[in-house]
Amino acid sequence: MIFLKTEDEIELLRQSNLLVGKTLAEVAKLIKPGVTTKQLDKVAEEFIRDNGAVPTFKGFPNPYGGPFPASICTSVNDQVVHGIPNDIPLEDGDIVSVDCGTFMNGFCGDSCYTFCVGEVKPEILQLLKTTKEALYKGIESAVHGKRLGDIGYAVQTHSEAQGYGVVREFVGHGIGKEMHEDPAVPNFGRRGTGTLLKKGMCIAIEPMITLGNRSIYLDNDSWTVKTRDHQVAAHYEHTIAIGLGKADILSSFEFVEQVLGDKAI
Ligand code: MG
Ligand code: MG
């Protein structure tokens, strides 16, 4: 069931999502060769709790194994999503997708940004740029009167035009009091098909795009999703509210990009 949000509820969602954006900026300050993803997680969790919120990911249940043990997902290189922070130092040339979720004043925030560690290869930088562009193409289609398939179509065509793979098994989602609400928001689709988009629907759009083939598998840790060909994958995510003529982006990359400066994707 899709819950349409009131203006007041959308403002609460915005507050939670702005905190996600600020948390990602705290993480951005630390990303460099030698830092571990566990160090990033510690800073993120403290920042979220210091701001009166709870990290939604921590303890999130998993039908295939134990609950998620950390406050952010850190997916490095061939890890697509749901990477678990660990003690392995990031290396020059790596990429790391940091996905963050908060619960504040009864509403969820959810946003992800893929960062470069030091200098990355141009072909990887291009993947990151295209994935972020694909996210914004999807957001452009997320308006009252269009359909869910229009969002997926926009993301898919922009990504596949560059020869990249679009992951099918993991998708965006409705968001509100729960992190995952209806509808599922695929990153692929056909124009003019699927659920009618209405003002007040709040969704997370999150393209997961692969440099090589889109085939993925679940690692033995029951969380980490990796590409089968071990080529890198990128992941950007915004939480938005569907509006008349234009979506209202509730999360923000502004704080991250202030930290990254001219290194922003
Ligand atoms: Mg997320
Ligand atoms: Mg999400």
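For ligands, and for the atoms within them, numbers begin at 1 and follow the listed sequence.
- Remark: Glu119 engages Lys263 in a salt bridge, criterion side-chain N to carboxylate O under 4.0 Å.
- Taking distances strictly below 2.8 Å, the protein N/O/S atoms close to the Mg ion (ligand 2) are Asp110 OD2, His173 NE2, Glu206 OE2, Glu237 OE2.
- A salt bridge does not link Glu133 with Lys129: none of the charged nitrogens is closer than 4.0 Å to a carboxylate oxygen.
- Partner Trp223 forms a ring pair (Phe, Tyr, Trp, His ring centres under 6.0 Å) with one of Phe57, Phe170, Phe68 and no other, that one being Phe68.
- Arg14 and Glu7 are not joined by a salt bridge, as no carboxylate oxygen comes within less than 4.0 angstrom of a charged side-chain nitrogen.
- Here Glu257 pairs with Lys132 in a salt bridge; the nearest charged N to carboxylate O distance falls below 4.0 Å.
- Within 6.0 Å of the NZ atom in Lys137, the count of heavy atoms belonging to other residues, nucleotides or ligands does not exceed 12.
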